[in-house]
Amino acid sequence: MPLFALIDCNNFYCSCERLFRPDLRRRPVAVLSNNDGCVVARSAEVKALGIAMGTPLFQIRHLVKQHDIVLFSSNYGLYADISARVMASLRAFSDHLEVYSIDEAFIDLTAAQADLASCGQAIREQLYRHVGVPVSVGIAPTKTLAKLANGAAKRFRQCHGVVDLSQPERQRRLLALTPLEEVWGVGRQLGPRLARLGIRTALQLAEMDVRFVRQRFSVVLERTVRELNGESCLELEEVPAPQKQLVCSRSFGERIETYDELRQALSQLVCQAAARLRHQALKAGIVTLFIRTSPHDTQQPYYGNRASTSLGEASNDSRVLLPLALRLFDKLWREDLRYAKGGVQLEGLCPADQVQPGLFHSPQDEGKGKQLMQALDRLNQSGRARVYFGAQRPEADWFMTRTLLSPAYTRSWDELPQVR
DNA sequence: TCTGGGGTCCTAGGACCC
DNA sequence: TCTGGGGTCCTAGGACCC
């Protein structure tokens with residue numbers, strides 16, 4: 001029988017902020033999305049106030065004031081660095097590890113000798129000592145059950161952060177206690193559809209007939225049902241699958257109403273996406289551009305649209321991608337609207353050195369282009385100069401309002417925490 | 001007034017092939 | 001009145017995840 005452990009950091013972004021601010025350890029802390037728009041991470045104290053994940057900040061201003069909630073803008077660089085430390089520390093416990101998200105990893109515990117609960121406690125203690133981040137551990141024979149176990153480890157204080165669900169009787173008991181919507185793979189749509197069939201708990205879902213589920217729903221939900229019954233259908237994915245798409249999109253800090261400004265904002269995003277491609281040594285074969293107004297805006301009709309085009313030969317050269325994107329932009333642009341968001345999506349990704357050359361491919365041009373882009377990336381990364389295309393206007397900052405940003409504790413010599 | 005960003009997978013249907 | 005069988009590929013849309 002396989003055995004998975006799911007390690008999930010508690011309130012990860014909040015824990016990262018608290019790591020360098022021990023004075024906040026017992027205070028309510030929340031981290032906000034880009035533009036300080038929505039709450040995306042909540043400390044236990046904030047969850048206890050009934051503030052849901054994704055709540056817009058403006059709706060809870062009164063609670064922030066009343067309970068003196070400490071707010072932070074997202075500091076993605078910090079979270080990425082702390083995540084890397086968490087994953088590195090976890091590798092001590094198993095050679096087989098899948099980084100599932102920025103704050104979660106599955107490890108293979110099939111060969112674990114010690115008793116599983118103490119193994120889980122050892123993981124918790126080491127991560128707290130080495131990294132300083134509190135985690136919860138769920139152990140079970142399938143990933144879906146391990147997710148459930150992890151949820152229980154967080155919910156029930158008497159579990160001390162670890163739930164071992166290797167025994168079928170315990171699985172059944174927890175399934176009966178778990179609402180349907182908390183099952184991994186059951187979201188906003190499936191929940192109500194299943195509820196209409198009288199399914200309300202994870203146990204009821206587990207007891208459904210798999211053929212019926214397959215027929216009425218999908219193979220995805222069928223796998224969930226099987227996994228809830230202890231039949232492992234999802235393997236540990238130690239080697240991440242190659243990325244299939246790359247998206248750079250932003251909600252604008254302020255609405256954009258003019259052609260020039262929107263064009264510049266999108267140019268900025270396209271160049272950013274191209275730089276990310278180059279950084280990852282990838283090329284893209286399809287470019288899609290999209291813009292939209294705010295769906296919450298009652299003053300104007302909603303407008304959202306996208307357009308895409310294929311490249312003759314996959315590329316990561318900004319000089320190729322940008323003009324294509326700008327042609328798409330002209331197809332999408334409509335006058336007299338207040339635009340709230342836009343972005344670019346790159347697909348047909350392949351390793352930069354495995355591109356099928358186009359009919360008129362010129363190795364000389366390709367070599368020069370590559371050197372030019374390298375020079376451009378080096379300059380822009382150095383922080384000493386900025387090189388950009390005429391269509392861009394990088395000094396304009398349409399995007400981030402990040403007024404509550406914490407220091408770059410892990411990335412800048414000038415912002416290292418000071419200890420006295 | 002103010003509502004995030006970045007991903008994956010599956011399915012159905014259409015176009016096309018021999 | 002009767003109108004084959006077996007495929008692939010692509011896209012859009014829907015659903016899910018963190």
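The sequence lines fix the lettering, A, B, ..., with proteins before strands; numbering per chain opens at 1.
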S.K.: For A/Gln243, answer base if it contacts any base atom (sugar-phosphate contacts may also be present), sugar-phosphate if it contacts only those atoms, and nothing otherwise; contact means non-hydrogen atoms under 4.0 Å.
M.R.: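 Here A/Gln243 touches the backbone only, sparing every base.
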
S.K.: Provide the start and end nucleotides, 5' to 3', of the part of DNA chain C that has atoms under 4.0 Å from heavy atoms of chain A.
M.R.: C/dA15 to C/dC18

S.K.: Given that A/Arg223 and A/Arg292 both sit by DNA chain B, which one's nearest nucleotide is further toward the 5' end?
M.R.: A/Arg292

S.K.: Show me the pairs that pass salt bridge (charged side-chain N to carboxylate O under 4.0 Å, His left out) and involve residues 185-194 of chain A, at least two apart or across chains.
M.R.: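 Counting only pairs at least two positions apart or across chains, no salt bridge (charged side-chain N to carboxylate O under 4.0 Å, His left out) contact touches residues 185-194 of chain A.
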
S.K.: Name the one of A/Asp103, A/Leu127, A/Ile82 that satisfies side chain to side chain contact (heavy atoms under 4.5 Å, CB included) with A/Val133?
M.R.: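 Looking at A/Asp103, A/Leu127, A/Ile82, the match for A/Val133 under the side chain to side chain contact (heavy atoms under 4.5 Å, CB included) is A/Ile82.
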
S.K.: For residues 180-210 of chain A, which residues have at least one heavy atom under 4.0 Å from DNA chain C?
M.R.: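 Correct list: A/Val183, A/Trp184, A/Gly185, A/Val186, A/Gly187, A/Arg188, A/Gln189, A/Leu190.
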
S.K.: Does a donor on one side chain and an acceptor on the other come within less than 3.5 Å for A/Asn34 and A/Ser74?
M.R.: no

S.K.: Does a side chain donor of either A/Asn75 or A/Ser406 reach within less than 3.5 Å of an acceptor in the other side chain?
M.R.: yes

S.K.: Between A/Gly37 and A/Arg214, just flag the one whose closest nucleotide in DNA chain B comes earlier from the 5' side.
M.R.: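 Whichever sits nearer the 5' end wins; that is A/Gly37.
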
S.K.: Report yes or no: do A/Asp36 and A/Ser73 form a side-chain donor-acceptor pair below 3.5 Å?
M.R.: yes

S.K.: Give DNA chain B the dot-bracket treatment, 5' to 3': Watson-Crick (N1-N3 with N6-O4 or O6-N4) or G-U (N1-O2, O6-N3) under 3.5 Å, [ ] crossing, | other strand.
M.R.: ....||||||||||||||

S.K.: My understanding is that only residues two or more places apart in sequence, or in another chain, count here; which of them pass salt bridge (Lys or Arg N to Asp or Glu O under 4.0 Å) with A/Arg85?
M.R.: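 By the salt bridge (Lys or Arg N to Asp or Glu O under 4.0 Å) rule, A/Arg85 matches no residue at all.
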
S.K.: Parallel, tilted or perpendicular: which describes the rings of A/Tyr79 and A/Tyr76, with under 30° parallel and over 60° perpendicular?
M.R.: perpendicular

S.K.: Taking the basic N atoms (NZ, or NE/NH1/NH2) and the acidic carboxylate oxygens, is any pair closer than 4.0 Å for A/Arg18 and A/Glu45?
M.R.: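 Salt bridge flag = yes for A/Glu45 with A/Arg18.
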
S.K.: Where is the tightest heavy-atom contact between A/Leu190 and A/Phe217, given as atom of each residue plus distance?
M.R.: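 Between these two residues, the closest heavy atoms are CD2-CD2, 3.6 Å.
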
S.K.: Specify the closest pair of heavy atoms between A/Leu175 and A/Thr201, including all atoms of both residues, with the distance to one decimal.
M.R.: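 Closest heavy-atom pair between A/Leu175 and A/Thr201: O-CB, 4.1 Å.
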
S.K.: Just to be sure I understand the rule, does A/Asp103 reach a base, reach only the sugar-phosphate, or reach nothing, if contact means heavy atoms closer than 4.0 Å?
M.R.: sugar-phosphate

S.K.: Hey, does A/Leu57 reach any base, or is it just sugar-phosphate, or nothing, if we go heavy atoms under 4.0 Å?
M.R.: nothing

S.K.: For the P atoms, the ones on B/dT3 and on C/dC18, what distance do you get once it is rounded to whole angstrom?
M.R.: 25 Å

S.K.: Can A/Asp108 and A/Thr110 be counted as having a side-chain donor-acceptor contact under 3.5 angstrom?
M.R.: yes

S.K.: Classify the angle between the aromatic ring planes of A/Trp184 and A/Tyr100 as parallel (below 30°), tilted (30 to 60°) or perpendicular (above 60°).
M.R.: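 Geometry flag for A/Tyr100 against A/Trp184: perpendicular rings.
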
S.K.: Going by atom types alone, do A/Arg155 and A/Asn150 pair a side-chain donor with an acceptor below 3.5 Å?
M.R.: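 Side chains of A/Arg155 and A/Asn150: no pair found under 3.5 Å.
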
S.K.: When you measure from every atom of DNA chain C, which of residues 299-316 of chain A have a heavy atom less than 4.0 Å away?
M.R.: none

